[in-house]
Structures are given as C-alpha cells and as structure tokens.
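Have a look at the structure below before the remarks.
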Amino acid sequence: MVHYENKISIKSWAEEDRPREKLSSQGRRALTDAELIAILIGSGSRTESAVELSKRMLHHYDNDLNNLSKASISELSRFKGIGEAKAISIIAALEIGRRRNDTEAKVLDEIKGSKDAYNILKRFLVDLNHEEFWILLLNRGGKVIAKELISKGGLAGTVADPKIIFNIALQHSAASIMLAHNHPSGQLKPSQLDIDLTKKIANAGRMLDINVLDHLIVTNEGFYSFADEGII
C-alpha cells in the first residue's frame with residue numbers, strides 16, 4: 001500500500017501556485033489575503049504550510065483583515081508556527097495598510113499666474129539676509145510636482161547653474177519650470193545679470209522642450225514677474 005503525506009509543502013506546489021512566484025508572475029492583485037500573509041511569515045510549521053497557517057489565522061478572525069489588524073503580538077503568537085518576529089511582521093504590514101488608507105491623496109498646487117507661484121514660494125524667500133534661487137517644477141496640467149532649492153549665495157547674489165536646473169527638471173519629468181530668487185536689498189527691479197541669466201535658462205529650456213514660464217524676484221514687500229513684464 002502506498003502512503004501519501006497529508007500535508008504538502010509550498011515548495012512542492014506548482015510554481016504558479018507558490019505565493020512569491022505568483023506575485024512575481026501575476027501581480028499583487030492575483031494573490032488572496034492568505035497568500036499575502038504567507039509571504040510575510042515566510043514559512044509555516046512541520047504540519048502545515050505558510051498558506052494553510054495563514055488561512056487558519058484568517059478564519060479565526062472571521063476572514064476580516066480589520067479584525068486581524070487589531071490582534072496583539074501575544075495573540076498572534078498563540079498560533080503554532082507564529083513566533084514574535086512573525087507576529088511583528090504581520091502587525092507592521094497591516095499598520096502600513098491602515099496608514100495608507102488614512103492618508104488623503106495629496107492635492108497638487110495649480111499655477112495659473114505669477115501670483116500663484118509667489119504665494120507658494122514667498123515663505124521660503126522672504127525675511128532672508130542672503131539670496132536663494134528656487135525652481136518650481138510643473139506637469140503638463142500646470143500643477144506643481146516639486147519645488148527645489150538650487151543655490152544659496154550672499155547679500156549681492158547667488159549662482160544658478162542651468163545644468164543643475166534642467167538635470168532636476170528631467171529627473172522629475174517636468175513639462176515646465178518657474179524660476180525665483182529673492183533680493184534681500186528690497187530692490188524689485190531685475191539687474192542685467194538677472195535678465196541675461198533668465199534668457200540663458202529660457203533658451204536652454206527650449207532646446208530640451210521644457211518651457212520656462214516665468215522668473216520671479218521676491219522681496220519682503222512683493223514680487224516682480226518677468227512674464228508679466230514681457231521679458232520672458
């Protein structure tokens with residue numbers, strides 16, 4: 001008479017049925033809750049596979065991940081094959097899921113004109129006794145995907161390297177950018193160096209198909225827009 005084992009290890013399953021291989025080949029959504037938990041715990045016990053153990057745990061909590069997420073380390077450790085380390089892994093993963101659900105989708109700032117850009121950047125650029133150069137990076141919908149400090153300088157000026165600016169823009173896949181720097185002196189009128197630098201960056205942007213929409217000069221009293229003045 002041939003005797004068959006009642007329990008089959010995960011390694012003996014067809015490759016497409018193993019949780020890790022299944023996730024790799026079919027994607028995360030193809031896995032059941034038990035299979036996902038089985039990946040977390042890694043292995044079961046001598047008498048049951050990780051998936052079977054996960055199914056048993058879920059059954060105990062009415063197959064409800066919310067109920068499982070409320071279990072303590074000591075409660076989960078009562079299951080044969082679940083030690084403290086595995087219990088902690090399960091709790092941590094479920095807590096990450098809970099926090100993700102609690103996090104609202106970030107609403108991106110939308111730029112419709114120079115005042116919008118000024119309102120975003122003024123908190124970084126006012127009340128400084130040195131110059132700083134910042135850029136806003138926008139997507140094709142005109143929404144801000146990032147804001148980056150390019151350089152810091154002294155009272156009289158700062159260096160803004162176009163290579164650094166467009167390297168950052170390309171990393172963010174930005175469709176357009178806006179430039180900004182402050183004048184600690186309070187002088188809103190751009191210097192000739194400001195004008196020359198703006199034109200240089202705008203020309204480089206055209207070559208890279210990244211539109212330079214504006215350049216703001218920010219002081220404690222207000223701002224100057226190259227676009228509003230028709231300089232860019």
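- Without hydrogens or angle criteria, Asp62 side chain to Asp64 main chain gives no donor-acceptor distance under 3.5 Å.
- Residues passing the side-chain contact (heavy atoms from CB on, under 4.5 Å) test with Ile73 are Ser77, Glu84, Ala87, Ile88, Ile91, sequence neighbours excluded.
- Using a 4.0 Å cut-off between charged nitrogen and carboxylate oxygen, Glu48 and Arg56 count as a salt-bridge pair.
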The test is side chain to side chain contact (heavy atoms under 4.5 Å, CB included); show your working for Leu137 and Glu148 and say whether it passes. CA-CA 8 Å; Leu137 301 119; Glu148 296 281 346; 3.7 Å; yes
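- In this pair, Phe79 and Tyr61 present their aromatic rings tilted. The plane angle is within the 30 to 60° band.
- The shortest non-hydrogen separation linking Pro162 to Lys200 is CG-CE, 4.1 Å.
- In summary, the side chains of Ser191 and Asp194 do present a donor paired with an acceptor at a separation below 3.5 Å, with no hydrogens or angles considered.
- Shown here for Ala169 and Ile210, the closest heavy-atom pair between the two residues is CB-CD1, 4.0 Å.
- In this structure, Ala30 and Glu35 approach most closely via the heavy-atom pair O-OE1, 4.1 Å.
- Under the 3.5 Å distance criterion, with hydrogens and angles disregarded, a donor-acceptor pair is assigned to the side chains of Lys86 and Ser43.
- Distance CE/Met57 to CD/Glu75: 11.0 Å, rounded to 0.5 Å.
- Of all heavy-atom pairs between Leu197 and Ala160, the closest is CD1-O, 3.7 Å.
- Counting heavy atoms from C-beta outward, Met178 and Leu138 have side chains that approach closer than 4.5 Å.
- Under the 4.5 Å side-chain heavy-atom criterion for ILVMFWY residues, no single connected hydrophobic cluster contains both Val51 and Leu58.
- A distance of 13.0 Å separates NZ of Lys163 from CD1 of Ile168, quoted to the nearest 0.5 Å.
- Checked by atom type and distance alone, the side chain of Ser25 pairs as donor or acceptor with a backbone atom of Glu21 at under 3.5 Å.
- Of all non-hydrogen atoms in Ala202 and Val212, the two that sit nearest each other are CA-CG2, 3.7 Å.
- Under the 4.5 Å side-chain heavy-atom criterion for ILVMFWY residues, a single connected hydrophobic cluster contains both Tyr118 and Trp134.
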Step by step, would you call Arg98 with Glu95 a salt bridge (charged side-chain N to carboxylate O under 4.0 Å, His left out)? CA-CA 5 Å; Arg98 185 194 66 79; Glu95 176 62 16; 2.6 Å; yes
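- The shortest distance between side-chain heavy atoms of Asp127 and Asn220 falls below 4.5 Å.
- Atom CD1 of residue Ile120 and atom CD1 of residue Ile111 lie 3.5 Å apart, to the nearest 0.5 angstrom.
- Inter-residue side-chain proximity for Phe124 and Lys122 is flagged as unmet; no heavy-atom pair is nearer than 4.5 Å.
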Test log, rule side chain to side chain contact (heavy atoms under 4.5 Å, CB included), inputs Gln192 and Ile195: CA-CA 5 Å; Gln192 189 59 48; Ile195 295 171; 4.1 Å; yes
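- Residues Ile150 and Ile145 fall within the same hydrophobic cluster, defined by Ile, Leu, Val, Met, Phe, Trp and Tyr side chains chained together at heavy-atom separations under 4.5 Å.
- Distance check, rounded to the nearest 0.5 Å: CG of Leu125 to CG of Leu216 gives 9.0 Å.
- A chain of hydrophobic side-chain contacts below 4.5 Å, direct or via other Ile, Leu, Val, Met, Phe, Trp or Tyr residues, connects Leu208 to Leu179.
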Taking it one step at a time, do His181 and Val218 satisfy side chain to side chain contact (heavy atoms under 4.5 Å, CB included)? CA-CA 6 Å; His181 77 282; Val218 178; over 6 Å; no
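- Taking the side chain as every heavy atom from C-beta outward, Leu136 and Ile177 never approach each other to under 4.5 Å.
- Between His215 and Phe133, the ring center distance clears the sub-6.0 Å criterion.
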Give the intermediate values and the outcome of side chain to side chain contact (heavy atoms under 4.5 Å, CB included) for residues Asp109 and Asn119. CA-CA 10 Å; Asp109 293 311; Asn119 286 334; over 6 Å; no
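- Side-chain contact between Pro184 and Glu131 is present, with heavy atoms from C-beta onward closer than 4.5 Å.
- A donor-acceptor pair under 3.5 Å links the side-chain atoms of Glu52 to the main chain of Ser49, judged by distance alone.
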Please walk me through it: do Tyr224 and His183 pass ring-ring contact (aromatic ring centres under 6.0 Å, His included)? CA-CA 10 Å; Tyr224 176 97; His183 279 177; 9.1 Å; no
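- Taking CG of Asn167 as the reference point, atom CD1 of Ile164 lies at 8.5 Å (rounded to 0.5 Å).
- The hydrophobic clustering, which links ILVMFWY residues whose side-chain heavy atoms are closer than 4.5 Å, places Phe223 and Ile231 apart.
- With a 4.5 Å cut-off on side-chain heavy atoms, Asp214 and Ser225 count as touching.
- Residues Leu31 and Leu36 are in side-chain contact: their nearest non-hydrogen atoms beyond the backbone lie under 4.5 Å apart.
- A 4.5 Å side-chain heavy-atom check between Ile41 and Leu53 finds at least one atom pair inside the cut-off.
- Across every non-hydrogen atom of Ile201 and Phe166, the tightest pair is O-CZ, 3.3 Å.
- In this structure, CG in Leu94 is found 5.0 Å from CG in Leu68, a value given to the nearest 0.5 Å.
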